[in-house]
Structures are given as structure tokens and as C-alpha cells.
Amino acid sequence: MLIATWNVNSIRTRLSQIIDWINQVNPDILCLQETKVMDDNFPVEPFEKLGYSLEIYGQKSYNGVAIISKIKPENVKKGFNGCTESNQNSEIFLDQKRLISADINGIKIINVYVPNGSSLDSSKFAYKINWLNCLSSFLDEQEKKGELICLMGDFNVAPSNLDIHDPKKYEGGIMASEIERNALKNVLKKRLIDSFRIFEQNTGHWSWWDYRNNGFELNKGWRIDHIYISKELTSKLKSCVIDCSPRGNLRPSDHAPVMIELNLNGINEDFFEDEDNFFEI
DNA sequence: ATGACGAGCTGCGCTCGA
């Protein structure tokens with residue numbers, strides 16, 4: 001089963017590129033972020049023609065997430081429920097469409113668009129940390145229910161300095177601060193594993209390049225789009241790949257898709273039988 | 001290299017993103 005995540009920076013502007021990519025890659029599940037459109041205006045037909053079901057949670061201009069799946073998603077939930085964070089009822093918190101989850105093939109698929117946070121002294125930064133704390137509570141609930149989890153999306157956090165092209169310049173700033181990294185760790189705890197880092201421990205792999213200053217051409221990127229899976233699923237994980245090719249398209253999204261392959265019928269024994277092969281996050 | 005790019009809006013310049 002091929003599972004992908006992609007911040008497309010407008011579903012309508014990127015539609016033909018997304019359809020082309022689906023035709024090349026044939027994912028079973030594709031989670032999108034930054035669709036930037038209200039549900040009534042989401043272009044569902046091109047995906048339905050290819051045999052996909054859609055679950056969408058969008059808003060005008062900003063944010064917006066969607067799950068596109070060959071198997072019809074069940075138990076679809078939009079946004080948080082039961083978050084105990086202090087400002088959970090504020091208008092801004094409820095208005096931003098950043099999370100959608102569903103059960104597919106026995107796995108709890110959680111698609112997130114984590115707030116960027118702007119800068120460390122911004123009120124948006126406090127919102128980002130608060131949002132991540134709510135996500136942590138949300139995952140606590142899922143863990144209590146014994147769910148197998150695949151948590152993916154645009155996290156707007158580089159988990160370590162390996163995930164930044166110029167750590168000396170950016171360490172400690174937005175997307176690379178200890179506060180954000182600790183908030184992300186508190187979401188993952190020890191229960192969720194970074195799929196990409198199981199296969200690749202070196203720096204130099206990015207999922208986002210700034211539109212400005214020839215970021216992609218100069219390969220000055222960040223790895224901020226992630227697929228985290230329950231420890232119990234790692235025995236079924238065959239690969240995790242960042243597909244940089246769509247970033248080279250004309251009028252691209254600034255993010256590249258990230259995808260994993262899960263072999264739900266078999267176990268990849270040669271690597272995962274040894275507990276020591278699990279990496280610290 | 002962050003005013004420097006790109007998207008959306010009811011637009012003809014602004015806000016926002018990362």
C-alpha cells in the first residue's frame with residue numbers, strides 16, 4: 001500500500017500536476033495540505049474518475065486538508081475533538097482547517113497542516129505550540145484505543161539540524177527552535193517513528209524549497225514534511241521516498257510529495273527483527 | 001538574498017505562507 005502526503009499550495013492551481021503525479025505513482029492514499037478552497041469548490045471529479053474517494057476539510061484562501069483514497073475512508077473526523085488546551089474554543093482555533101483523520105485498511109490515517117508560526121515572538125507562534133499540544137492530546141486518545149497510526153503532513157518543523165540546508169543560519173529560528181522540536185517530540189513520544197530516517201540518516205534531503213532566491217535550483221531546502229508511523233507498523237515499512245521531481249515543474253508547489261510503501265501482507269524481517277535498529281527521534 | 005516568490009481575493013495592492 002502506497003501512502004503519500006503533499007502540500008500542494010492550492011488544489012485548483014496545481015490540479016493537473018497532481019493528476020499527472022497520481023497517474024505516474026498510483027498511490028493508494030494521498031493526503032493533501034493547503035488546498036485553499038471551500039469544500040463546495042473542491043475539484044472532486046478528476047479524482048473520482050480515477051477511482052478515488054475524497055474526504056475534504058477546506059476553507060477560503062488558507063489552509064485546507066484532504067484525504068484521497070482508493071479504499072473508502074471510514075470514521076472520518078475533521079479537526080480536534082476534546083482538546084483541553086486553553087484557547088481551543090477561540091475563533092481562530094476553530095476556524096482553521098488543519099486536521100482530518102480517517103480509518104483506512106485498519107490504519108488510523110491522520111493528515112495535518114501544522115501552523116507555520118511566523119516567528120518566535122509572534123502570537124502565531126504561541127498558536128503553533130498550542131496546536132501541537134492539542135495534536136499530542138489527540139494522539140494520546142488514539143493510543144488509548146490501540147490504533148495503528150500513520151500521521152503525516154506538513155509539520156513546519158525540521159526535527160533536527162540534519163533537516164536544514166544551512167543549520168548555522170537557521171538553527172533556533174522558526175521551524176528549527178528547541179520549543180518547536182520539543183513540542184513535536186511530545187506529539188511523537190516514543191510511539192511514532194519517522195519513516196524517512198529509518199532508511200536515510202544523512203543530511204541533504206529536503207521536502208520544501210523557498211520560492212525566493214532560487215531555492216530549488218540551488219538545492220537550499222528543508223525537510224519539514226513527514227510521515228510518522230506506529231512502532232508496530234515499522235515491520236511492514238518497505239520504503240520512504242521524497243519525490244523531488246514535481247518541484248521542478250512549471251509553476252510548482254514549493255513542497256515535494258513524500259511517500260511510504262507498507263507491505264501489509266508481509267514482514268520485512270531482515271532489518272526490523274533487531275530492536276536496536278529503532279532510532280531515537 | 002526574506003520588499004526579492006507565489007496564491008487568493010472581488011484585486012488593479014494587500015495578506016499570508018515558510
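Letters A, B, ... are given to chains in the order of the sequence lines, protein chains preceding strands, and every chain is numbered from 1. Since the structure is predicted, the reported quantities are computational estimates derived from the model, not experimental observations.
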Sticking with atom [atom1], work out how far [N] lies from [M], rounded to a whole angstrom.
| N | M | atom1 | result |
| --- | --- | --- | --- |
| dC12(B) | dA1(B) | P | 34 Å |
| dT2(B) | dC16(B) | C1' | 13 Å |
| dA18(B) | dG8(B) | P | 14 Å |
| dT15(B) | dT10(B) | P | 14 Å |

Mind calculating the distance between [atom1] ([X]) and [atom2] ([N]) to the nearest angstrom?
| X | N | atom1 | atom2 | value |
| --- | --- | --- | --- | --- |
| N249(A) | dG6(B) | CG | P | 13 Å |
| D166(A) | dT2(B) | CG | P | 13 Å |
| R14(A) | dG6(B) | CZ | P | 10 Å |
| K220(A) | dT2(B) | NZ | P | 11 Å |
| F216(A) | dA1(B) | CZ | P | 20 Å |
| N213(A) | dC5(B) | CG | C1' | 9 Å |
| K60(A) | dT10(B) | NZ | C1' | 9 Å |

N-O pairing of D103(A) and K72(A) below 4.0 Å: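 K72(A) and D103(A): not salt-bridged.
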Pairing residues for R98(A) by the salt bridge (Lys or Arg N to Asp or Glu O under 4.0 Å) criterion, not counting sequence neighbours: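 Counting only residues at least two positions away or on another chain, R98(A) forms no salt bridge (Lys or Arg N to Asp or Glu O under 4.0 Å).
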Under the salt bridge (Lys or Arg N to Asp or Glu O under 4.0 Å) test, residues paired with E232(A) that sit two or more places apart: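 In terms of salt bridge (Lys or Arg N to Asp or Glu O under 4.0 Å), with neighbours along the sequence ignored, E232(A) is linked to no residue.
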Just the table, please: protein N/O against nucleotides 12-18 of chain B N/O, every pair under 3.5 Å.
unit_1, atom_1, unit_2, atom_2, d
dG17(B), OP2, K124(A), NZ, 3.0
dG17(B), O3', Y113(A), OH, 3.2
dA18(B), OP1, E34(A), OE1, 2.8
dA18(B), OP1, Y113(A), OH, 2.8
dA18(B), OP1, D154(A), OD2, 3.4
dA18(B), OP2, Y113(A), OH, 2.9
dA18(B), OP2, N156(A), ND2, 3.0
dA18(B), O3', W208(A), NE1, 3.3
dA18(B), N9, N116(A), ND2, 3.3
dA18(B), N7, N116(A), OD1, 2.5
dA18(B), N7, N116(A), ND2, 3.4

Short side-chain N/O contact from T13(A) to OP1 or OP2 of dG8(B), under 4.0 Å: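 So the side chain of T13(A) is within the cut-off, an N or O lying under 4.0 Å from OP1 or OP2 of dG8(B).
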R12(A) side chain near dC9(B) phosphate (N/O to OP1/OP2, under 4.0 Å):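 Indeed, a polar side-chain atom of R12(A) lies that close.
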Test item: side-chain donor near acceptor, Y113(A) and Q96(A), under 3.5 Å: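 Side chains of Y113(A) and Q96(A): no pair found under 3.5 Å.
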Donor-acceptor side-chain pairing of N9(A) and K36(A) below 3.5 angstrom: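 A donor-acceptor contact under 3.5 Å links the two side chains.
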4.5 Å side-chain heavy-atom contact, T35(A) and F42(A):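 With C-beta onward as the side chain, the pair touches.
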Heavy-atom neighbours of K145(A) NZ exceed 12 at 6.0 Å: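 Yes, the 6.0 Å shell around NZ holds more than 12 heavy atoms from other groups.
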